Amino acid sequence: MARQYTLHRSSQVHASGIDYKTALNEEQYAAVSSPPGRALVIAGAGSGKTRTLTYRVAWLLDHQVDAREILLLTFTNKASREMVERVRELVPHDTSALWAGTFHSIGSRILRRHAEDLGFTKSYSILDRDDQKSILNSVIASLDIDTKQRRFPKADVLASIFSLMENTGVALTEIIASRYDQFYDWLEKIEEVRLGYIAKKLATNSMDFDDLLVLTVRLFEQQPDVLQLYQGRFKHVLVDEYQDTNSVQGRMIDLLAGERNSLMAVGDDAQSIYSWRGADMSLILGFPLRYPGSKVHIIETNYRSVPEILDLSNAAISANRGRFEKDLRSSREAQGTLPALVALPDPSTQAAFVAQRILELRDEGIPLEEMAVLYRAHFQSLEIQMELTVRGIPFAITSGLRFFEQAHIKDVSAFMRFVVNRRDEISFLRMVGLLPGCGPGTAAKLWAEWLKSGWSERVEVPPKWSDLFLKFKIPKKTAKHWEQLCYTLDELTPDGALAHPSQMIFSILEGVYADYLTASFDNAESRRADIEQLSQYGGNFDDVLEFLAQLSLMSSTDGEPSGERAAKDDEKVTLSSIHQAKGLEWKAVFLIWLVNGQFPNGRILEADDADMLEEERRLFYVALTRAKDELYLTYPMMNPKSYTGDIICRPSQFLEDFPAEMVEEWNVGNDDPWADDEPF
DNA sequence: GTAGCGTAGATTTTT
DNA sequence: TCTACGCTAC
């Protein structure tokens, strides 16, 4: 009898040795192996989006694409770091010539090389929100606006308005009319401030975050030869989180892709949650139209969540209208237990429930780092933090406080920024303002004297700072400290050259800043430790420009130096806002404060805007899809400390978007007669 | 002009 | 809870 035998042809062997067909599912493989051209990959939650993108890079390298021809654009620094790391693990190729980073960091890299074409120098400073506010305040002051009679928008609000304008390309009038109606009468003055702000940025050789995108696009549009340079190099452009790109970023991608280059955009329209920052979903929804002949790949197999959780997520998002139809299927077995819906009397009981359940789950074998508590806004985590602290449960929180935005970090970098960019007024004022007896008035006078010296504009290496500065008029009280400052600055530029970043930080700390710390803060010690850590981090850089750019573009949540770093090995529960939880996953997830006015957010309910509510629902969807095995939806029935006076809470309307049978309602009893008492 | 103090006001999400 | 601002005393 003849024996039936099938011969399997060995898959093609690549330099990396990866067998793509085995490593990927069919949907993923189709995207990864797609021929050069335009492709949109719609990758649902938990479907291996990062895997697809990293394997695509590996695939390209395996198919004779030079690493330097690849550009990988991501939304966060963390994402880009992780992807590059994974590619490195995957392939033997040298990937150092590959460009990977956020839109902002890639923009700054390009602008650094061509700054002169736009009226800047390559040592331009990058402004964060705080710096923007200082500039705006000084512009407002110089414009002689009567802010007493009618309320003029605060610098913070103005920054948001201008930013929205830049990122969406919508005219100022329209933005004011639609979102800041109460300032409509100020329109002309606001425009004046805006022009003043732009002028000031140019004068001080500084760019804000938006400029990094806007000016890159302008550079490309005004200088075809520059555009050609980059189009010619980046034959393969890959974009992560495409659903969160805004119109400027979209334009930047279009320009880089040009007529010929390959473009692969990966995203999930259902997870677009950054429209408040200008993200424009129509970019991903309209991709097939904007790139005729493009291929759309849909990846619908979810490897993360059990079917019970995935079904709930699918049901929750289906209330939204503007989206690609897709049907996420779980690859996992049904568990038989449903997500829990837990109503609790008040916020502190909610916290108690979460804490207790965390301990029980740990006893059941789920480690703490596989659990997360998610919420709409950071302040909603307060009771949880207290409760976890009381019970001694360790937790890690990615709070709003960012390492690089803390005052002492910014103080130190002001010194560096000034010696690098001698037109940086903000940094100068900040630096001299640290000296005792030197307030805004004296600082401004010193700046004027500095401008008069002419050295701020001259390109050649300055002589010793001390030679220049010691001639300035200084109040008696400040004289000694001023002298000390001068010698410190001399140390930053030995022989006219820029010192090494960590050396600079050390000089600043020892020269002037240590005294200031002890005099100004009761936690001077820990701040000092932060600065020492910063100095250590500076060791990774030779170039001060590069170091300062990194500082400005990075947030602490990216996992770089943060005070708690040492204790990282400890097992910890994660507390996170939903926005920051995007892309992450845990075995057990608690989603708290599911109350109308909290989530969905009150302002959004007030605005009564269907699109905004849909985005809020996508946020809800993102939260649900973080959970692998266990999901707890909780809400308090009363909120005695409510600012709005709504003491009785209405459960979130999102809970009505799915049938009640998809969750199991838990009735939480109380066996502690003292539980209702206020803590002491 | 500066520094220290008290009060009012506000609390979404981040490169 | 924290921060931004205005007032007052040096």
Side-chain angles (χ1 to χ4, degrees), chain A residues 73-80 101-108 126-130 132-134 137 147-148 151 154-157 159-160 163-164 166-167 207-214 241 244-246 248-249 272-279 374-383 385-386 398-402 404-405 407 433-445 475-478 519-520 549-558 576-582 593 597-607 612 615-616 618-620 622-623 641-644:
Chain A
L73 291 162
T74 63
F75 197 65
T76 62
N77 293 296
K78 191 169 144 213
S80 94
T102 61
F103 284 91
H104 293 87
S105 74
I106 296 293
S108 87
I126 298 174
L127 308 170
D128 67 11
R129 191 37 96 80
D130 231 42
Q132 292 188 59
K133 272 160 69 178
S134 315
N137 279 326
T147 57
K148 294 253 164 56
R151 244 180 141 66
K154 291 265 182 303
D156 215 11
V157 178
S160 299
S163 179
L164 200 60
E166 298 291 358
N167 284 306
M207 299 186 193
D208 61 27
F209 287 137
D210 304 325
D211 289 328
L212 297 178
L213 307 176
V214 173
E241 307 277 17
D244 285 323
T245 50
N246 61 38
V248 193
Q249 292 164 322
S272 170
I273 53 176
Y274 282 92
S275 76
W276 48 274
R277 231 173 80 185
L374 305 183
Y375 35 81
R376 175 66 175 87
H378 271 298
F379 72 86
Q380 295 171 342
S381 68
L382 252 152
E383 289 95 355
Q385 290 189 50
M386 294 198 296
T398 51
S399 83
L401 265 179
R402 312 224 223 139
F404 297 116
E405 279 175 11
L434 297 172
L435 305 176
C438 184
T442 313
K445 275 187 198 150
K476 263 201 220 90
K477 231 164 98 187
T478 315
S520 319
Q550 282 292 320
L551 270 199
S552 315
L553 294 171
M554 228 163 32
S555 63
S556 68
T557 47
D558 288 337
S576 169
S577 72
I578 302 169
H579 279 91
Q580 287 180 328
K582 190 165 91 157
W593 274 110
Q598 301 287 342
F599 192 20
N601 175 282
R603 293 182 185 192
I604 283 163
L605 288 175
E606 261 170 54
M612 285 165 82
E615 169 146 322
E616 200 76 352
R618 289 192 293 271
L619 195 59
F620 182 57
V622 168
K641 286 185 195 135
S642 167
Y643 290 99
T644 53

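Sequence lines set the chain letters: A, B, ... in the order given, protein chains first and strands last, and positions in each chain run from 1. All of these numbers come straight from a predicted model, not from anything done at the bench.
- If you check B:dG1, B:dT13, B:dT15 against the side chain of A:Thr76, the one that comes closest is B:dT15.
- In terms of phosphate contacts, A:Gln580 brings a side-chain nitrogen or oxygen within less than 4.0 Å of OP1 or OP2 of B:dT14.
- From A:His104, atom NE2 reaches atom OG of A:Ser552 across 12.0 Å, with rounding to the nearest 0.5 Å.
- If you take CD of A:Gln550 and P of B:dT15, they are 13 Å apart, rounded to a whole angstrom.
- Among the atoms of the strands shown, none is found under 4.0 Å from any heavy atom of A:Ser105.
- Contact check for A:Thr102 versus A:Leu553: no side-chain heavy atoms found under the 4.5 Å cut-off.
- Take A:Glu166 and apply the salt bridge (Lys or Arg N to Asp or Glu O under 4.0 Å) test, not counting sequence neighbours, and it matches no residue.
- Closest contact between the side chain of A:Phe379 and the listed nucleotides B:dT11, C:dC5, B:dT14 involves B:dT11.
- Residues meeting the ring pair (Phe, Tyr, Trp, His ring centres under 6.0 Å) test with A:Phe75, sequence neighbours left out: A:Tyr274.
- Each of C:dC5, B:dG1, B:dT14 was ranked by its minimum atom distance to the side chain of A:Lys154; first place goes to C:dC5.
- Looking at which nucleotide of DNA chain B each of A:Gly441 and A:Gln132 is closest to, the 5′-most match is held by A:Gly441.
- At whole-Å resolution of the value, CH2 in A:Trp593 and C1' in B:dT13 are 18 Å apart.
- Rounded to a whole Å, the CD atom of A:Gln249 is 16 Å from the P atom of B:dT14.
- Between B:dT2 and A:Thr442, a contact under 4.0 Å exists linking OP1 or OP2 to a side-chain N or O.
- Picking from B:dG1, B:dT13, C:dA4 the nucleotide with the shortest atom distance to the side chain of A:Arg376 gives B:dT13.
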Anything under 3.5 Å between a protein N or O and an N or O of nucleotides 3-9 of chain B, put it in a table, one pair a line.
unit_1: B:dA3; atom_1: OP1; unit_2: A:Gly437; atom_2: N; d: 2.7

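- Rounded to whole Å, atom P of C:dT3 lies 10 Å from atom NZ of A:Lys133.
- Applying the 4.0 Å criterion to OP1 and OP2 of B:dT14, one finds that A:Ser577 has a side-chain N or O inside that range.
- Here the side chain of A:Thr102 is nearest to one of B:dT15, C:dC5, B:dT14, namely B:dT15.
- Contact annotation: the side chain of A:Asp210 never approaches that of A:Val248 to less than 4.5 Å [non-hydrogen atoms, C-beta and beyond].
- Straight-line distance between the C1' atoms of B:dT13 and C:dA4: roughly 22 Å, to the nearest whole Å.
- Whole-Å rounding puts the A:Leu605 CG to B:dT12 C1' distance at 13 Å.
- In this structure, A:Tyr375 and A:Gln598 have side chains that are not in contact, with every pair of non-hydrogen atoms separated by 4.5 Å or more.
- From A:Phe103, atom CZ reaches atom CG of A:Asn246 across 8.0 Å, with rounding to the nearest 0.5 Å.
- Contacts of A:Phe75 with the nucleic acid, taken as non-hydrogen atoms under 4.0 Å apart, involve only primed sugar atoms and P, OP1 or OP2.
- Spacing between atom CZ of A:Arg618 and atom P of B:dT13 amounts to 18 Å, rounded to whole angstrom units.
- For the pair A:Asp208 CG and B:dT14 P, the interatomic distance rounds to 19 Å; values are reported in whole Å.
- We find that CD of A:Gln598 is positioned 11 Å from P of B:dT12, with the value rounded to whole Å.
- Counting all heavy atoms, side chain and backbone alike, A:Thr76 lies closest to A:Thr74 at O-OG1, 2.9 Å.
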